[in-house]
Amino acid sequence: MVPRSENLRPWWARVLLFFTWRKRGGVMPEKIIPVYNPAEIEPRWQEKWERDGLYHADIDPTRPKHYALTMLPYPSGDLHIGHWYAMTPSDARARFKRMCGYNVLFPMGFDAFGLPAENAAIKRNIHPKEWTYKNIANMRRQLKSMGAMFDWRREAISSDPEYYRWTQWFFVQFFKNDLAYRKMSPVDWCPNCNTTLAREQVWGEDRHCERCGTPVIKKDLEQWFFRTTRYAEELLNYDGIDWPEKVRDMQINWIGRSEGASVIFTTEDGQPIEVFTTRPDTLWGATFMVLAPEHPLVEGLTTPDHRAEVEAYIAQAVRQTDIQRESTEKEKTGVFTGGYAINPVNGRRIPVWIADYVLMSYGTGAIMAVPAHDERDFAFAIKYGLPIIPVIERPDGISKSLVFPGSVDDSFESGLKQAGISYTKAPVGSAGEGLFVTLQRDQVQPYVALMRRYLKPENWNEIVGTQWLFIFNDGVIELDSVEADREILERCKKLYPPVQGNRTVMEMLSHLPFYQDVLFHAEYGTMIHSGEFSGTPGTEAKRAVTTWLEKQGKGKATVNYRLRDWLISRQRYWGAPIPIIYCPHCGAVPVPEDQLPVLLPDDVEWKPTGESPLKLHPTWRFTTCPQCGAKAERETDTMDTFMCSSWYHLRYLSPHYDQGPFDPKEYDYWMPVDTYTGGAEHATMHLIYTRFFHKALRDLGITRGNEPMLQLRNQGQILGPDGQRMSKSRGNVVDPDEQVRLYGADTVRAFMMFGYRWAEGGPWDPGSIQGVNRWLRRVWLTLLEPGEGKASESLLKALRRKAHQTLRSVTRDFEQFEFNTIVSALMELMNEMVKAKQAGAYGSPIWNEVTEMYLKMLAPVAPHISEELWGLLGKPYSVHTQAWPSFDAEAAREEEITLVLQVNGKVRDRLVVPADIQEEDAKRLALENPAVQKFLEGRTARQVIYVPGRLVNIVG
RNA sequence: GCCGAAGUGGCGGAACUGGCAUACGCGCGCGACUCAAAAUCGCGUUCCGAAAGGAAUGUGGGUUCGAUUCCCACCUUCGGCACCA
């Protein structure tokens, strides 16, 4: 028994201890009513349940299984209120499932490798292992105070050699099956954590480290990767699993599938430059190419006179990624290589530029630039004066034309009016009033005719938007090619010298605000200026061009993904060593499976140097090659801890099994996980990795089925009372141990369910938890303290009805993870029971039946008080092995209903009527009703709507 | 910019399939018990109005006899992604 300080709960001292128990019909002996003392009750029951193995989950083929899993904690030192929020409602649901007849496995363990242990080692000079295992001991104690149904025999700790032996074993399987590979590449590096990070661990606009917030830098390093991209397509498929839309959307977004074509451009000397595009229908508008600065062809394309500039740009680009990239600066930069490429669709020679807005890591690191139909290419082309040729019609058919003051005869305006063309008149600079004309598709031709008639000599007019026409005195030129662009520009410069500074027609037009919104668009539309494809409608264009490219051997349909392979190397000590030996003769050789685990040595220096501490160990890294026996060296990097958590649900099945990562018998019975709960912040990390892992293992014949977890539900986050994220520096952290001391675990558990929409979370409210505590104390006294009198039959029947209605909603809400309404329904029923008791219901058979139901429904929410009351009321141990009450629809049925009377949709009266009232009777009662009469104000009812069991609405 | 979620009393939130808006709890007010306080119990508590009544679920429209719920547009907050070709 844990002693507790009385001054924390002075109100208990005041509770009367002795009552006279007077049962209806006879006088019972005096009986002691104990005080509700969670500090005494809770540890007592926790110990007994553990002693009895009450929550042991063993294979039992006679019962349906339910594998309920909640994300395992990192042993940071202390349990957070967030852990309670995540785990206790999950526990309640697991308990509910158990009472419903399922054989429920609800395990717990620790994700015990990872950086904080090393940081603690550096800061406090304590060994990471010692720090970790001390924390585990403390957190295990705290977890036990929840009174959850964890089966501790199945505890798994990822830093135990018997665990990471199999983490390493999985690595070896992946290595042998070409799912793990090593490559030199620019990787994200956290200068504070001194290690590389997976792409998923780099967050935000400023690309900071997920763990410590430091902006990451790029480093060229030889690192180990898993081929997650091989499963990109399959990871997009969620058939047969019930996961939140939010998580699915985040993953789908992250995987980033895009359909398009790869197209082969060539350099002038015939070298292929492959690009990926989602818009092959815009190929004719590709007026230049852009390569990533690190693209391998840059070297060969650069001409001597551009070399200095190109090299300077590359150096600058590298430095930019190496220093923190200023993310706000989005102005596009780039330089011309001096080289040219050939556009395969029309044989035109186009300049090749390099720019850092093209990423080496996506697609092929090279793009065809279509400035007329891509926002970034447009901005780049305007900036550097590259030609912009529209090749897709605007779907809205709108064109615009600005008629300069004095450029047309006066009768032009009346001509416009006659043709029904809309325009506005406004000053153009200081030159006088111009006409701002907006043309629909079929108005372009009449407009051209009109313009040709009234255009004064030495002037021109342009039509831009859907059609691109320049009207001169001697003819019309269409902006359909680079040559046309040049010719138009030259003529304009001659006619109006102020435009001389412009390098392209589009640049000239871009200075006019009226045209701003029609110069560029990225929509699908009819192809124009595209040779034989001109006129192809937008709905077919992409497919038609792709098919043609394939036939011509110039390209093919391609799907590209944003997802990248998973970088798993970490230059840190406290992790599972990557089981690879580098031999000068045999290369990278996996450690033979019978020699696993590769044990982590205890005697290391863990100074942060940027290299794995294992590398600095005097002896550990030196070994011999398992293949040829030559002197060899171990890989000194360790594995990303997400590797450990990708399969912990399998280790729980048999944490001490030594013939494999898990006992197949256990696997066959328990897998897949039926319900998985945890935070949505893992959507693009753990939850993708673990799906990848399962699918990869399935293909290696180790697991079965396509998905590891059938149902996923996310809880939100508990914030501090100030609405901010809890953190020690803000001083707004709520300590669960303290809350347990104040109110008991049952109250904390119930409050975690009651206070929030589980998926949302919210700020901690110190007042609300007291309300929950008050309720449990009320339950205690109401059930134990005898009452007097004899209640009427109808009252008892109503009590029983309420109990079954509660059972119906509680059952439904448990299934749907709606924990707040479970508690409120139980509170409501308790309020009814208190009233019924005051009316003399106590001790009657129905009272006893309802009490029993109540404790069973309360058991998953507040397991200790339910067990204690169950025992005190003389029922056989344990309430937690009872079957969930069975619902009696007849008992729950209402005999009377409140019939709502509406006139024109407004409530005017309510009548209590028999539940089985007939339609005519209901309508008649409504029409006769004085309040209804009053509001009808003598009008006759035009329509009477009857909703059975609910309302009559009279429309008058 | 793109994807997604959410906006209901002073607060957390409820309302199942389009049918009594504001359950349950917090807070607040009044009362009982008490020498007193705490605790507990009872009553009240969306807003306006003396009342009859009226208004209200982010804003504006629409569908409907009837909309927190369905449709359209917009605003705000939060989460994710972000030069992704």
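Proteins get letters first, then strands, A, B, ... in listed order; numbering begins at 1 in each. Values below: all heavy atoms of this structure, side chains included; hydrogens, waters and symmetry mates excluded. Remember, it's a predicted structure, so these values are computed and weren't measured experimentally.
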Give every pair of a protein N or O atom and an N or O atom of nucleotides 45-55 of chain B that lie under 3.5 Å apart, one pair per line with the distance.
residue	atom	partner	partner atom	Å
B/G53	OP1	A/K934	NZ	3.2
B/G54	OP1	A/R908	NH1	3.4
B/G54	OP1	A/R908	NH2	3.1
B/G54	OP2	A/R908	NH1	2.9
B/A55	OP2	A/K906	NZ	3.4

Review point. Got a sec, which residues hit ring-ring contact (aromatic ring centres under 6.0 Å, His included) with A/H521, two or more places apart in sequence or on another chain?
Key: A/H373
Review point. The side chain of A/W254 lies closest to which of these nucleotides: B/C16, B/C81, B/A15?
Key: B/C81
Check your understanding: Does A/R562 have any side chain to side chain donor-acceptor pair (under 3.5 Å) partners at least two apart in sequence or in another chain, and if so, which?
Key -> none
Review point. Do A/Y85 and A/Y756 have ring centres separated by under 6.0 Å?
Key: yes
Review point. Which residues within residues 712-726 of chain A lie with some heavy atom under 4.0 Å of an atom in RNA chain B?
Key: none
Review point. How is A/R562 classified with respect to the nucleic acid when contacts are heavy atoms under 4.0 Å: base, sugar-phosphate, or nothing?
Key: base
Exercise for review: Answer with base, sugar-phosphate or nothing: what part of the nucleic acid does A/S258 contact at a heavy-atom distance below 4.0 Å?
Suggested key: sugar-phosphate
Review point. How would you label the glycosidic angle of B/G9: syn (within 90° of 0) or anti?
Key: syn
Point to revise | Counterpart residues, side chain to side chain donor-acceptor pair (under 3.5 Å), relative to A/E919 (two or more places apart) | key: A/K923
Review point. Reckon A/W775 touches a base, only the sugar-phosphate, or nothing at all at heavy-atom distances under 4.0 Å?
Key: nothing
Check your understanding: Can the ring centres of A/W775 and A/F754 be said to be less than 6.0 Å apart?
Key -> no
Any protein N or O atoms within reach of nucleotides 61-71 of chain B? Criterion: under 3.5 Å, listing atom names and distances.
residue	atom	partner	partner atom	Å
B/C65	O2	A/N953	ND2	2.4

**Study point:** Mutual orientation of the aromatic rings belonging to A/F288 and A/F380 [parallel < 30°, tilted 30-60°, perpendicular > 60°]
**Key:** parallel
Exercise for review: Go ahead and write out RNA chain B as dot-bracket, 5' to 3': ( ) for pairs within the strand, [ ] for ones crossing earlier pairs, | when the partner sits on another strand, dots for unpaired; Watson-Crick or G-U wobble, both distances under 3.5 Å.
Suggested key: (((((((..(((......[....)))((((((.......))))))(((....)))..(((((..]....))))))))))))....
Practice item. Not counting sequence neighbours, list each pair that qualifies as a salt bridge (Lys or Arg N to Asp or Glu O under 4.0 Å) and has a residue in residues 360-379 of chain A. Key: A/D374-A/R376
Quick one: which protein N/O atoms are closer than 3.5 Å to N/O atoms of nucleotides 73-79 of chain B? Pair and distance per line, please.
none

**Study point:** Sugar-phosphate only, base, or nothing, as touched by A/V290 at under 4.0 Å among non-hydrogen atoms
**Key:** nothing
Please enumerate all protein N or O atoms sitting under 3.5 Å from an N or O of nucleotides 25-34 of chain B, with distances to 0.1 Å.
residue	atom	partner	partner atom	Å
B/G25	OP1	A/N831	ND2	3.2
B/C26	OP1	A/R774	NH1	2.7

Practice item. Kindly determine whether A/T806 and A/Y854 satisfy side-chain hydrogen bond (donor to acceptor under 3.5 Å, both in side chains), including the steps that lead there. Key: CA-CA 9 Å; A/T806 303; A/Y854 199 86; over 6 Å; no
Exercise for review: Taking ring-ring contact (aromatic ring centres under 6.0 Å, His included) as the test, write out the residues that go with A/W284, two or more places apart.
Suggested key: A/F533, A/W548
Review point. Has A/R757 got a side-chain N or O lying under 4.0 Å from the OP1 or OP2 atom of B/G7?
Key: yes
Exercise for review: Compute the centroid of each ring, for A/W764 and then for A/F751, and state whether the two points are separated by less than 6.0 Å.
Suggested key: yes
Review point. Using a cut-off of 4.0 Å on non-hydrogen atoms, how would the nucleic acid contact of A/G256 be classed: base, sugar-phosphate, or nothing?
Key: nothing
Exercise for review: Could you tell me whether A/V907 contacts a base, only the sugar-phosphate backbone, or nothing, with contacts defined as non-hydrogen atoms closer than 4.0 Å?
Suggested key: sugar-phosphate
Check your understanding: Residues in salt bridge (charged side-chain N to carboxylate O under 4.0 Å, His left out) with A/R778, at least two apart?
Key -> none
Exercise for review: Go through the N and O atoms of the side chain of A/R376 and the base of B/C83, and report whether any donor-acceptor pair is under 3.5 Å.
Suggested key: no
**Study point:** Cation-aromatic face contact A/R691/A/W243, 6.0 Å, 45 degrees
**Key:** yes
**Study point:** Gap between atoms CZ and P, on A/R257 and B/A85 respectively (whole Å)
**Key:** 12 Å
